[in-house]
> 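Structure below; questions to follow.
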Amino acid sequence: MKIIDARVRIPYKSFANAAIFKDPAAMDDWAAKFNMPRPPKVAGMDELFADMERAGVSKALVSCRRGHNVENADIAEACELYGDKLYGFVEIDPKDGVDLGMEEIEKYVLNGPCAGVAVEPGFNRRGPLYADDKQFYFVYEACEKNNIPLYFNFGGFIGPDYTYTDPDRLVRIERTFPNLKMMIAHAAYPHVLKVIHLAMSNPNIYVLPDMYGFDIPGGNLYINAANTWLKNQIIFGSAYPIFDIKGAVNYYTNSGISEEVLPKVMAGNVEKFLGITD
């Protein structure tokens with residue numbers, strides 16, 4: 001079965017300086033809370049690719065996180081070097097202005113090696129914003145117009161409080177940009193039923209539970225949605241390097257997702273999101 005991991009952080013340049021790589025003890029504690037294994041070794045790109053190979057994962061999606069001091073140029077460079085393994089998403093901060101934002105979309109996505117655009121409203125580098133703040137609208141418009149997939153970092157503790165990950169914000173966006181393809185990483189947790197209901201009404205909205213699809217209260221609802229209404233919209237992601245990729249794959253393959261749906265969740269749905277397949 002083909003497998004694509006839709007949520008991986010890479011130990012490359014500015015990304016490697018993030019706490020997720022620099023504080024293994026904290027990550028050990030975090031993984032234990034989810035009853036999930038840690039990778040055997042997190043030291044560099046070779047270890048990442050070894051973890052992917054051991055899990056049968058062919059490619060991975062990596063989203064820039066400028067609020068964590070990750071640079072778009074580093075994501076683009078990694079995609080140029082490892083294009084056979086990575087799909088990269090550059091993050092646009094609307095507070096940089098429309099001109100610079102559009103310049104980065106054109107440079108890194110339309111004319112560059114990256115697969116799409118990312119936004120992380122609650123952790124926005126120049127200060128948190130709500131996802132439906134109209135400062136973002138030029139980004140959404142550019143993505144919809146050019147059929148660019150949008151990677152939304154939206155859920156968990158991304159933001160000063162839970163209002164920053166409330167799917168009510170996404171409702172306003174999808175009604176204004178109905179053809180915008182959005183993948184909701186962290187799946188708007190803990191607003192589980194809200195985001196499921198939103199995706200039920202719009203096939204352009206993909207739900208990526210990643211770490212919140214594992215052993216956590218409410219995580220089973222994403223699995224149930226995969227078997228019913230959202231069989232074409234739920235997407236697998238490991239949240240590496242917090243969790244071992246093989247451990248994440250094993251969790252999903254034994255989660256109760258039906259044999260018919262599992263290939264979609266593990267690869268087919270993210271390929272549709274990326275525009276690789278219809």
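Only heavy atoms go into these numbers, but all of them, side chains included; no hydrogens, no water, no symmetry mates.
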> List the atom pairs, donor and acceptor, that lie under 3.5 Å between side-chain atoms in residues 142-150 and the rest of the protein, sequence neighbours left out.
unit_1: E144; atom_1: OE2; unit_2: N179; atom_2: N; d: 2.9
unit_1: N146; atom_1: ND2; unit_2: A142; atom_2: O; d: 2.8

> Please check if Y252 and V192 belong to a single hydrophobic cluster, counting links between Ile, Leu, Val, Met, Phe, Trp and Tyr side chain heavy atoms closer than 4.5 Å.
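The answer is yes; both residues are in one hydrophobic cluster.
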> For M200, does its backbone N or O pair with a side-chain atom of Q233 as donor and acceptor, under 3.5 Å?
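No.
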> Could you tell me the separation between the NZ atom of K13 and the CE atom of M45, rounded to the nearest 0.5 Å?
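Reported value, rounded in 0.5 Å steps: 11.5 Å.
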> In the single-linkage hydrophobic clustering (I, L, V, M, F, W, Y; side-chain heavy atoms under 4.5 Å), do I173 and Y151 co-cluster?
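Different clusters: I173 never reaches Y151 through Ile, Leu, Val, Met, Phe, Trp or Tyr contacts under 4.5 Å.
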> First locate atom OH of Y240, then atom CZ of R38, and finally report the distance between them rounded to the nearest 0.5 Å.
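Interatomic distance, Y240 OH to R38 CZ, rounded to 0.5 Å: 9.0 Å.
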> Under 3.5 Å, which donor-acceptor pairs do the side chains of residues 104-117 form with other protein atoms, sequence neighbours left out?
unit_1: E104; atom_1: OE1; unit_2: R66; atom_2: NH1; d: 3.3
unit_1: E104; atom_1: OE1; unit_2: N72; atom_2: ND2; d: 3.4
unit_1: N111; atom_1: ND2; unit_2: E106; atom_2: O; d: 3.3

> Should V8 and F236 be counted in the same cluster of Ile, Leu, Val, Met, Phe, Trp and Tyr side chains packed under 4.5 Å apart?
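Per the 4.5 Å side-chain linkage, V8 and F236 are co-clustered.
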> Sub-3.5 Å donor-acceptor pair from the side chain of D74 to the main-chain atoms of F15, do we have one?
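No, the answer is negative, given that no donor and acceptor are paired below the 3.5 Å cut-off.
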> Under the side chain to side chain donor-acceptor pair (under 3.5 Å) test, which residues partner K194, sequence neighbours left out?
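Residues passing side chain to side chain donor-acceptor pair (under 3.5 Å) with K194: D166, D168.
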> Is any side-chain heavy atom of L198 less than 4.5 Å from a side-chain heavy atom of N202?
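No, their side chains stay 4.5 Å or more apart.
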> Report yes if the side chains of F273 and M182 come closer than 4.5 Å at any heavy-atom pair, otherwise no.
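No, their side chains stay 4.5 Å or more apart.
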> Could you tell me the separation between the CE atom of M183 and the NZ atom of K272, rounded to the nearest 0.5 Å?
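M183 CE to K272 NZ: 12.5 Å, rounded to 0.5 Å.
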> Considering only distance and modelled atom types, tabulate donor-acceptor pairs under 3.5 Å from the side chains of residues 79-88, sequence neighbours left out.
none

> One pair to check against side chain to side chain contact (heavy atoms under 4.5 Å, CB included): L170 and I205. What are the steps and the verdict?
CA-CA 10 Å; L170 302 178; I205 295 176; 5.7 Å; no
> Give a yes or no on this: more than 12 heavy atoms of other residues, nucleotides or ligands lie within 6.0 Å of atom CG of D161.
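Yes, because the 6.0 Å sphere around CG of D161 holds more than 12 heavy atoms from other groups.
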> Can you list every pair that meets salt bridge (charged side-chain N to carboxylate O under 4.0 Å, His left out) and has a residue in residues 202-213, with sequence neighbours left out?
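Residue pairs passing salt bridge (charged side-chain N to carboxylate O under 4.0 Å, His left out), neighbours aside: R7-D210.
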> Once side-chain hydrogen bond (donor to acceptor under 3.5 Å, both in side chains) is applied, what residue pairs with a partner in residues 217-232 remain, sequence neighbours excluded?
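Only N232-K264 qualify under side-chain hydrogen bond (donor to acceptor under 3.5 Å, both in side chains).
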> More than 12 heavy atoms of other residues, nucleotides or ligands under 6.0 Å from NZ of K246: yes or no?
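Not more than 12 within 6.0 Å, no.
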> Salt bridge (charged side-chain N to carboxylate O under 4.0 Å, His left out) with E71: which residues, sequence neighbours excluded?
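Residues passing salt bridge (charged side-chain N to carboxylate O under 4.0 Å, His left out) with E71: none at all.
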> What is the ring orientation for Y162 with F157, classed by angle as parallel under 30°, tilted 30 to 60°, or perpendicular over 60°?
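Because their plane-to-plane angle lies in the 30° to 60° range, the rings of Y162 and F157 count as tilted.
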> For Y130, what are the other residues in its hydrophobic cluster, where any two members join if their side-chain heavy atoms are less than 4.5 angstrom apart?
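Reading the cluster by chain and number, Y130 sits alongside Y164.
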> Ignoring hydrogens and angles, tell me if any N or O in the side chain of R9 forms a donor-acceptor pair with the backbone of A239 under 3.5 Å.
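Answer holds: yes.
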> Mind checking whether Y206 and I234 have side chains closer than 4.5 Å, heavy atoms only?
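A side-chain contact is absent here, since even the closest heavy-atom pair is not under 4.5 Å.
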> Taking only residues two or more places apart in sequence, or in another chain, which ones meet L129 in a side chain to side chain contact (heavy atoms under 4.5 Å, CB included)?
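P94, K95, N124, D133, Q135, F136.
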> Can you check whether H186 reaches I158 side chain to side chain, under 4.5 Å on heavy atoms?
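Side chain of H186 against side chain of I158, heavy atoms only: contact under 4.5 Å found.
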> Could you state whether V265 and L221 fall into the same hydrophobic cluster, counting links through intermediate Ile, Leu, Val, Met, Phe, Trp or Tyr residues with side-chain heavy atoms under 4.5 angstrom apart?
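V265 and L221: one cluster.
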> Under the side chain to side chain contact (heavy atoms under 4.5 Å, CB included) rule, collect the residues that match up with M36, sequence neighbours excluded.
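Partners of M36 under the side chain to side chain contact (heavy atoms under 4.5 Å, CB included) test: F34, F214, F243, A248, Y251.
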> Taking the six-membered ring for Trp, is the centroid-to-centroid distance between F123 and H68 below 6.0 Å?
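When the ring centroids of F123 and H68 are compared, they turn out to be within the sub-6.0 Å range.
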> Distance alone, cut at 3.5 Å: any donor-acceptor contact between the side chains of Y12 and E77?
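A pair is found: one side chain offers a donor N or O, the other an acceptor, under 3.5 Å apart.
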> Can you find a heavy atom in the side chain of K33 that is under 4.5 Å from one in the side chain of D29?
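Contact flag for K33/D29 side chains = yes.
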> Can you tell me how far CG of L100 sits from CG of D93, rounded to the nearest 0.5 angstrom?
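With rounding to 0.5 Å, CG (D93) is 9.0 Å from CG (L100).
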> With side-chain contact (heavy atoms from CB on, under 4.5 Å) as the test, pick out the partner of S58 among M52, K2, E53.
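The passing option is K2.
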> Just to verify, what does D23 make a side chain to side chain contact (heavy atoms under 4.5 Å, CB included) with, not counting sequence neighbours?
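By the side chain to side chain contact (heavy atoms under 4.5 Å, CB included) rule, D23 matches A25, A26.
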> Checking P263 now: which residues fulfil side chain to side chain contact (heavy atoms under 4.5 Å, CB included) with it, not counting sequence neighbours?
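Checked P263 against side chain to side chain contact (heavy atoms under 4.5 Å, CB included); matches are M1.
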> Using only heavy-atom distances, determine whether the side chains of D5 and S238 contain a donor-acceptor pair under 3.5 Å.
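Indeed, the side chains of D5 and S238 share at least one donor-acceptor pair under 3.5 Å.
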> Heavy-atom distance under 4.5 Å between the side chains of N204 and P178, does that happen here?
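Not in contact.
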> Looking at R65 and E91, does any basic side-chain N land under 4.0 Å from a carboxylate oxygen?
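Looking at R65 and E91, the cut-off is not met.
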> Considering only heavy atoms from C-beta outward, does the side chain of F89 approach that of I75 to under 4.5 Å?
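No, too far: nothing below the 4.5 Å cut-off.
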